[in-house]
Amino acid sequence: MSGFAPVQGRQACPCSSFGAAAHPKYSPAFDKLSERDRAAVALYFLPHASKKDVLEVTRPRVIKWYCPFAEQREFPSGHRYCINVYTGCEHKCQYCYVTGYSARRPDCKSRFRQDLCKDLETLEALDVPPAPVHLSNSTDALQPLEQQHRHTLFTLQKLADHRNRFTTVTLLTKNPAALADDRYVEVLHRLNELPTDHPRRNWFAEKGFSPLRMEVSLAFFNDEHCRLLDPAAPSVESRMQAIRLLRNQGLPAFLRIDPLFPRDPLGGGKTMADFGLPDVQPMRDLEGLVAFAQEVGVQGVIYSVAKITRPQQGGLSPVMEQMKQVYQHLSAGQPLVFRGGSWRLPKSVAGKLIVAPFLALCGRQSIPTKSCKANLVTTP
């Protein structure tokens with residue numbers, strides 16, 4: 001097996017038996033790996049019998065490459081995994097970016113447990129070096145489907161059984177109350193302890209990093225606003241009680257006040273009411289969320305600015321069409337940025353009007369904050 005070598009202007013797959021070229025966008029993920037590790041990662045992720053000139057990361061069944069569409073120079077060197085336990089999501093959040101590329105109804109994946117076990121067996125057989133794993137970026141792993149099927153519980157238990165294959169295990173959810181079951185608490189404690197022979201154990205200990213990250217989304221302090229934008233998600237109080245439970249169990253938790261929305265006053269003599277919307281995230285509500293974060297001792301707050309996502313099927317919902325009009329007002333003549341199927345505020349506008357006051361609030365309470373993107377790329 002050989003390391004990456006240029007092939008007709010591209011980077012060759014680190015295993016000569018493929019006889020094809022890996023797409024150059026993946027190359028940065030391999031840069032700091034040893035030759036042996038590069039070969040193991042390539043054997044796991046890349047197709048073995050493809051006749052294509054350029055290879056994509058298509059092999060794994062369910063333990064997949066995180067965001068295979070992104071240029072990997074935007075991520076830290078090395079690979080990272082994502083497991084989407086279910087398809088679709090029952091929470092029906094109005095702003096969800098997943099609607100831009102998936103219109104699937106909430107459902108279980110066929111043969112999910114068998115495929116998960118096969119991927120884990122392959123990781124072991126190839127001795128793939130450990131990397132972060134995220135549950136999930138396209139569905140809530142603890143949505144109501146979990147009560148019946150327990151696929152996420154099964155996944156967490158299997159990850160714990162193969163703990164040496166993973167560094168940080170991140171679980172992102174709007175339904176942390178599902179974790180009150182003792183079976184989840186037990187496996188979460190297992191995941192929060194790296195085995196004595198884990199190659200990164202000492203590094204995590206020296207840095208003071210938790211190998212488990214419980215990230216709970218709670219963007220609203222008012223249930224009426226929550227129901228408007230997260231119509232089928234658990235209540236504010238339900239999520240707060242569950243976060244308290246996690247913290248009382250000694251488990252690390254992060255609060256995702258995510259996404260951030262415009263708030264009154266909007267400038268130009270306008271308010272949200274002028275666009276048919278309530279002030280869904282007033283500063284007093286953000287103050288309540290940040291005070292809660294400080295009270296329970298979360299490890300940090302994660303945020304991003306809301307995107308107006310164009311659904312794969314149909315047009316914008318009425319509430320998101322109104323929010324788009326708010327964005328057009330705030331942009332003051334500048335065009336909205338359309339990227340990845342979503343409209344966004346110009347960065348300078350979002351930074352000044354939405355992000356800066358929020359960061360100042362968190363700073364006054366000495367709460368560590370990271371943007372969603374920075375949080376992802378710095379998760380070891």
Side-chain angles (χ1 to χ4, degrees), residues 63-67 75-76 78-85 130-143 146 152-153 155-180 184-195 198-201 203-219 239-240 242-259 289-290 292-294 296-304 362 367-380:
I63 307 179
K64 297 190 176 184
W65 187 287
Y66 191 101
C67 198
F75 292 81
H79 56 297
R80 63 180 55 229
Y81 306 104
C82 182
I83 303 175
N84 284 300
V85 179
V133 59
H134 302 258
L135 285 79
S136 315
N137 65 347
S138 295
T139 182
D140 194 322
L142 296 174
Q143 62 181 290
E146 176 66 7
T152 295
L153 176 61
T155 300
L156 295 173
Q157 291 168 337
K158 288 300 179 182
L159 294 181
D161 291 342
H162 297 266
R163 195 63 184 85
N164 275 5
R165 292 297 146 204
F166 307 98
T167 51
T168 303
V169 176
T170 298
L171 178 59
L172 169 60
T173 185
K174 288 184 178 175
N175 187 29
L179 302 173
Y184 292 90
V185 173
E186 186 273 334
V187 73
L188 291 174
H189 278 295
R190 288 177 61 197
L191 290 167
N192 199 33
E193 182 70 25
L194 294 179
H198 193 287
R200 302 290 296 279
R201 178 185 170 92
W203 185 87
F204 267 76
E206 290 169 1
K207 298 290 185 181
F209 291 154
S210 299
L212 172 71
R213 293 175 62 95
M214 302 296 307
E215 298 185 358
V216 180
S217 292
L218 183 57
R239 288 186 246 183
M240 286 184 166
I243 294 170
R244 287 190 180 97
L245 171 67
L246 292 171
R247 297 298 299 128
N248 289 339
Q249 290 284 345
L251 292 166
F254 294 78
L255 187 65
R256 296 189 69 112
I257 306 178
D258 177 24
L289 290 171
V290 171
F292 169 74
Q294 185 181 54
V296 297
V298 299
Q299 273 66 23
V301 165
I302 301 160
Y303 70 91
S304 68
C362 292
I367 298 289
T369 59
K370 283 186 179 181
S371 69
C372 181
K373 176 69 175 292
N375 174 64
L376 171 65
V377 300
T378 57
T379 297

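None of the values given here were measured: they were computed from a predicted structure.
Residues Pro176 and Leu142 fail the side-chain proximity criterion, which asks for heavy atoms closer than 4.5 Å. The side-chain heavy atoms of Ile243 and Phe292, taken from C-beta on, include a pair separated by under 4.5 Å.
Contact record, Ser136 with Ala141: OG-CB, 3.8 Å, taken as the closest heavy-atom pair. Residues Asn137 and Cys82 share a closest heavy-atom pair of OD1-SG, 3.1 Å. Here the closest non-hydrogen pair linking Cys372 and Ser304 is CB-CB, 3.9 Å. Taking both residues in full, the closest heavy atoms of Leu255 and Leu218 are given as CD1-CB, 3.8 Å, listed atom of the first, atom of the second, then distance. In plain terms, the two heavy atoms of Ser217 and Leu172 that are nearest each other are OG-CD1, 3.6 Å.
In summary, the aromatic rings of Tyr81 and His134 are positioned with their centroids too far apart to meet the 6.0 Å limit.
Annotation: cation-pi geometry not satisfied between Arg256 and Tyr303 (NZ/CZ under 6.0 angstrom from ring centroid, within 45° of ring axis).
Paired with Leu159 under the rule side chain to side chain contact (heavy atoms under 4.5 Å, CB included), one option of Leu171, Val187, Ile83 passes, and it is Ile83. Here the options are Asn375, Thr379, Thr170, the test is side-chain hydrogen bond (donor to acceptor under 3.5 Å, both in side chains), and the partner is Glu215; only Asn375 passes. Considering Glu146, Gln157, His189 in turn, Glu146 is the only one that fulfils the side-chain hydrogen bond (donor to acceptor under 3.5 Å, both in side chains) rule with Tyr184.
With Arg247 contributing its side chain and Gly250 its backbone, the two residues share no donor-acceptor pair below 3.5 Å. Counting only distance, with no hydrogens or angles, the side chain of Ser210 and the backbone of Arg213 share no donor-acceptor pair below 3.5 Å. In terms of modelled atom types and a separation under 3.5 Å, the side chain of Thr168 and the main chain of Leu212 share no donor-acceptor contact. Arg239 places no side-chain N or O within 3.5 Å of a backbone atom of Val216 that could act as its donor or acceptor partner. Without hydrogens or angle criteria, Arg163 side chain to Thr167 main chain gives a donor-acceptor distance under 3.5 Å.
Note: Trp65 and His79 have tilted aromatic rings, judged against thresholds of 30 and 60 degrees for the angle between ring planes.
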Evaluate Asp140 against Thr173 for side chain to side chain donor-acceptor pair (under 3.5 Å), listing each step before the verdict. CA-CA 6 Å; Asp140 194 322; Thr173 185; 2.8 Å; yes
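Applying the 6.0 Å contact sphere to NZ of Lys64 captures no more than 12 heavy atoms from other residues, nucleotides or ligands.
The pair Arg201-Glu193 counts as a salt bridge, with a side-chain nitrogen and a carboxylate oxygen less than 4.0 angstrom apart.
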